[in-house]
Engineer: 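This structure is in structure tokens; I'll ask about it shortly.
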There are 2 protein chains.
Amino acid sequence: MGNGYNVAVVGATGAVGTKMIQMLEQTTLPLKKVILLASKRSAGKTLQFKGASLTVEELVPESFEGIDLALFSAGGGISAKFAPEAVKRGAVVVDNTSHFRMDPEVPLVVPEVNKEALKRHKGIIANPNCSTIQMMVALEPIRKQAGLNRIIVSTYQAVSGAGARAIEELKREAQAYLDNVAVADWHPEILPCGGDKKHYPIAFNALPQIDKFAEEDYTFEEWKMVNETKKIMEDSTIKVAATCVRIPVASGHSESVYVETETPISVATVREILAQAPGVIVEDDPSQQIYPQAIQSIDKKETFVGRIRKDLDIETGLHLWVVSDNLLKGAAWNSVQIAETLHEMDLLHI
Amino acid sequence: MGNGYNVAVVGATGAVGTKMIQMLEQTTLPLKKVILLASKRSAGKTLQFKGASLTVEELVPESFEGIDLALFSAGGGISAKFAPEAVKRGAVVVDNTSHFRMDPEVPLVVPEVNKEALKRHKGIIANPNCSTIQMMVALEPIRKQAGLNRIIVSTYQAVSGAGARAIEELKREAQAYLDNVAVADWHPEILPCGGDKKHYPIAFNALPQIDKFAEEDYTFEEWKMVNETKKIMEDSTIKVAATCVRIPVASGHSESVYVETETPISVATVREILAQAPGVIVEDDPSQQIYPQAIQSIDKKETFVGRIRKDLDIETGLHLWVVSDNLLKGAAWNSVQIAETLHEMDLLHI
């Protein structure tokens, strides 16, 4: 390992996979070799990595021979089947799908929040859901200072979370709208959720469904925010409620977050501790109309926080507006950052 | 008045004004004459009313001679100056601006909620803010059944609430995005708020500012939701918190609403009472992916409610997704509906 790691990117041609390659181009991690893996359909394509052309190879169990680190983002089914194959061959897996996240044996990590959990890894580390990650980055510094009793979040999520084809669908529908094509003739095929029965227009619309519906009429996306928050913060008593909504934005998730802390905390103190917190940029000056915006977050690794206000009635209540690039901190960057953190902690091995 | 009312539409050429004309075409109110008033700049334009061409006249105090009902939607300054002129000449004014809303002498009315307040009118009745109206229609039946301690709302508001020019701005920017014009070259001029210093892109973005900033770092739009809710529900003790956000939707406001009732109420009961409530259509079947959508609400007078769920932790907590056409129930239809209700209650006179 003295000369660096051999890294595999699984799902290299997808919306997140291509960003993972970008993040690996910038990483501080010593790299020996990078290989790109995808389905048979995508094999043979070439992608650029640091100026060189890499050919995408078909994913098979033997792909992981000699690999030290495998970054997965090719769907839960692929992770379920191939992550154990990678581990069996000695690779550490950072998995961006939901498949292993709630497995008690698998650390679920946002490095700014719970990197200590990496010490318990047995080969697989799970990358949390995009909408959960940015909320954790913004709330952990507040929790450290004043405790956290309760979170109510409403999300404004970008379509890129549903993959590259969803971005194309948004663009196609937006052009149809501008060309005065009737909505009935748009024929959506992906959103709100590729695997679900019905599809609805997203351009000039808002869809209160991300992922499929599950228990209690909450969607899986909403359950992810509830359950992953408790696991990452290692506190099952935090009350979490989520309403997850897709809006016609290509990249950059926004969140309207209400929290109740255990002890009151002033807006000035929140701004101060967030300004010093890792991975956070405070953009909050109402007198100058300064607040985070999805379109400005694109290609940035940080989580942006603004509109920090006290609740008008509850002494411990706070409102915040939290924005981040869902493909970077929400996926590709958090995965590579986990790998960098594993390396720094001398844990990038099984 | 036996043959019907003489009606003036003030601000007839605007986004709301043109919808007021549509609503008057459909009204049950007996009409004798409709006149269209606007600024000098728009005077001379012709608009259709029931197949006839009406010429827009310049608004002057004398415009209201012989007028029984004046619907105002031309900005707060115009209402401040001309509504008293209309009342002086015997007209009842329904004002869609924020100018008179918090005046204790002026009823602020959503007919489904507090039409009794119309009995106290002294010539001017205020139409509430768009985002407040649809929330009141959805919550009043719940409040009647189980009481209401608390509301936390995050809005997903359409650009048409900022006027016809804002819709054009969204379309222009959306086309620029699709044509790969860099965001720095979009040069927004209206949003988030025509009268404020800085303007930001709305296409493929979300802007957590509607109207200017005011006390406690809340925007005026957020304060409207707080204060108007208390006035309409005639209960200053209800806790209300709002985060108001503009999204790239042309028409149709969506709202993620969390409430705590005084006594617990089941989801089944909420669906049942809302299904019977005036002005509400329940669209709520997760098993069939049925929920309200902004793009489907356009040109409809009702408020659509779905995603009705119990909070996971708080016994009295409920989550709802509330959608309505902001130009109709949020503005033009509620104004004409107020006039119809005044007529039915024999109050359409001073």
Side-chain angles (χ1 to χ4, degrees), chain A residues 150 152 154 156 170-171 174-175 177-178 183 192-193 196-198 200-201 203-209 213 216-219 226 239-241 243 245 247-252 254 256 258 267 284 286-289 291-296 306-314 317 319 321 323, chain B residues 150 152 154 156 170-171 174-175 177-178 183 192-193 196-198 200-201 203-209 213 216-219 226 239-241 243 245 247-252 254 256 258 267 284 286-289 291-296 306-314 317 319 321 323:
Chain A
R150 181 164 200 204
I152 299 175
S154 295
Y156 300 67
L170 168 59
K171 288 182 180 176
Q175 191 61 63
Y177 180 93
L178 294 171
V183 176
C193 171
D196 215 340
K197 294 181 292 286
K198 292 180 189 170
Y200 299 122
F204 298 84
N205 201 13
L207 292 173
Q209 182 193 352
F213 281 94
E216 311 282 351
D217 292 343
Y218 284 67
T219 60
V226 172
K239 300 178 191 76
V240 188
T243 300
V245 180
I247 64 167
V249 164
S251 276
S254 305
S256 171
Y258 170 74
V267 168
D284 191 20
S287 74
Q288 299 300 315
Q289 295 175 259
Y291 36 72
Q293 297 178 32
I295 211 166
Q296 302 298 346
R307 297 298 326 270
I308 303 165
R309 291 163 289 155
K310 292 289 279 189
D311 188 69
L312 299 171
D313 298 289
I314 307 294
H319 301 268
W321 179 249
V323 176
Chain B
R150 182 163 200 204
I152 298 175
S154 295
Y156 301 66
L170 167 59
K171 288 182 180 176
Q175 191 61 63
Y177 180 93
L178 295 170
V183 176
C193 171
D196 215 340
K197 295 182 292 285
K198 293 180 189 170
Y200 299 122
F204 298 84
N205 200 13
L207 292 173
Q209 182 193 352
F213 281 93
E216 310 282 351
D217 292 344
Y218 284 67
T219 61
V226 172
K239 299 178 190 75
V240 188
T243 299
V245 181
I247 64 168
V249 164
S251 277
S254 305
S256 172
Y258 170 75
V267 168
D284 191 22
S287 75
Q288 299 300 315
Q289 296 174 258
Y291 36 73
Q293 297 178 31
I295 211 167
Q296 302 298 344
R307 298 296 328 270
I308 304 165
R309 292 162 288 155
K310 293 288 279 187
D311 188 70
L312 299 170
D313 299 289
I314 308 293
H319 301 269
W321 179 249
V323 176

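Throughout, a chain's letter reflects where its sequence line sits, starting with A, and its residues are numbered from 1.
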Engineer: Looking at every heavy atom in both B:Arg150 and A:Asp311, which two are closest together, and how far apart are they?
Structural biologist: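 It is NH2-OD2, 4.0 Å.
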Engineer: Select, from B:Thr243, B:Leu207, B:Val267, the one with the greatest count of heavy-atom pairs under 4.5 Å involving chain A.
Structural biologist: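 Of the options given, most contacts go to B:Thr243.
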Engineer: May I ask you to decide if A:Gln289's main-chain N or O and B:Tyr200's side chain share a donor-acceptor pair within less than 3.5 Å?
Structural biologist: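 Such a contact is found between B:Tyr200 side chain and A:Gln289 backbone.
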Engineer: Sort out for me which of B:Ala203, B:Ala206, B:Gly252, B:Ser254 touches chain A most, counting heavy-atom pairs under 4.5 Å.
Structural biologist: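 Result: the option with the highest number of such pairs is B:Ala206.
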Engineer: What part of A:Asp196 gets within 4.5 angstrom of chain B, counting heavy atoms only: side chain, backbone, both, or neither?
Structural biologist: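 Contact with chain B involves both backbone and side-chain atoms of A:Asp196.
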Engineer: Given heavy-atom pairs under 4.5 angstrom as the criterion, report whether the side chain, backbone, both or neither of A:Tyr218 touches chain B.
Structural biologist: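 The answer is both parts of A:Tyr218.
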Engineer: Tell me, for A:Val226 versus chain B, whether the close heavy atoms (under 4.5 Å) come from the side chain, the backbone, both or neither.
Structural biologist: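 For A:Val226, the contact with chain B is made by the side chain alone.
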Engineer: Is chain B contacted by the side chain of A:Pro292, its backbone, both, or neither, given a heavy-atom distance below 4.5 Å?
Structural biologist: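 Backbone only.
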Engineer: What option among B:Val245, B:Val183, B:Ile152 has the most heavy-atom pairs under 4.5 Å with chain A?
Structural biologist: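 Between B:Val245, B:Val183, B:Ile152, the count favours B:Val245.
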Engineer: With a 4.5 angstrom heavy-atom cut-off, which part of A:Asp313 approaches chain B: side chain, backbone, both or neither?
Structural biologist: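 Looking at A:Asp313, just its side chain touches chain B.
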Engineer: Under 4.5 Å, counting heavy-atom pairs only, tell me which of A:Lys171, A:Lys197, A:Gln209 racks up the most with chain B.
Structural biologist: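 Heavy-atom pairs under 4.5 Å are most numerous for A:Gln209.
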Engineer: With a 4.5 Å cut-off on heavy-atom pairs, point out which of B:Ala294, B:Ala241, B:Pro208 contacts chain A the most.
Structural biologist: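 The residue among B:Ala294, B:Ala241, B:Pro208 with the greatest pair count is B:Pro208.
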Engineer: With chain B as the partner, which of A:Glu216, A:Gln175, A:Lys310 has the greatest number of non-hydrogen pairs under 4.5 Å?
Structural biologist: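 When all of A:Glu216, A:Gln175, A:Lys310 are compared, A:Gln175 has the most.
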Engineer: Could you have a look at B:Lys239, B:Arg309, B:Lys198, B:Gln296 and say which one has the most heavy-atom pairs with chain A under 4.5 angstrom?
Structural biologist: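 Heavy-atom pair counts peak at B:Arg309.
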Engineer: Report which part of A:Leu312 has an atom under 4.5 Å of a heavy atom belonging to chain B: side chain, backbone, both, or neither.
Structural biologist: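 For A:Leu312, heavy atoms of backbone and side chain both lie under 4.5 Å from chain B.
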Engineer: Between A:Ile247, A:Thr219, A:Ile314, which has the largest tally of heavy atom pairs under 4.5 Å with chain B?
Structural biologist: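 Looking at each of A:Ile247, A:Thr219, A:Ile314 in turn, A:Ile314 comes out on top.
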Engineer: Let's test your reading of the structure: which of A:Pro286, A:Ser251, A:Ala250, A:Pro201 forms the most heavy-atom pairs below 4.5 Å with chain B?
Structural biologist: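 Answer, by heavy-atom pair count under 4.5 Å with chain B: A:Pro286.
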Engineer: Identify which of A:Val249, A:Ile295, A:Leu170 forms the greatest number of heavy-atom pairs closer than 4.5 Å to chain B.
Structural biologist: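 When all of A:Val249, A:Ile295, A:Leu170 are compared, A:Ile295 has the most.
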Engineer: Which heavy-atom pair separates B:Gln293 from A:Asn205 by the least distance, and what is that distance?
Structural biologist: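 So the two residues come closest at OE1-ND2, 3.0 Å.
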Engineer: Measure distances from A:Phe213 to the heavy atoms of chain B and classify the residue's part below 4.5 Å as side chain, backbone, both or neither.
Structural biologist: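 The side chain, not the backbone.
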Engineer: Which distance, rounded to the nearest 0.5 Å, do you find between the CZ of B:Arg307 and the CG of B:Asp284?
Structural biologist: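 B:Arg307 CZ to B:Asp284 CG: 8.0 Å, rounded to 0.5 Å.
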Engineer: Specify which of B:Tyr291, B:Trp321, B:Phe204, B:Tyr156 makes the most heavy-atom pairs with chain A at under 4.5 Å.
Structural biologist: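 The residue among B:Tyr291, B:Trp321, B:Phe204, B:Tyr156 with the greatest pair count is B:Tyr156.
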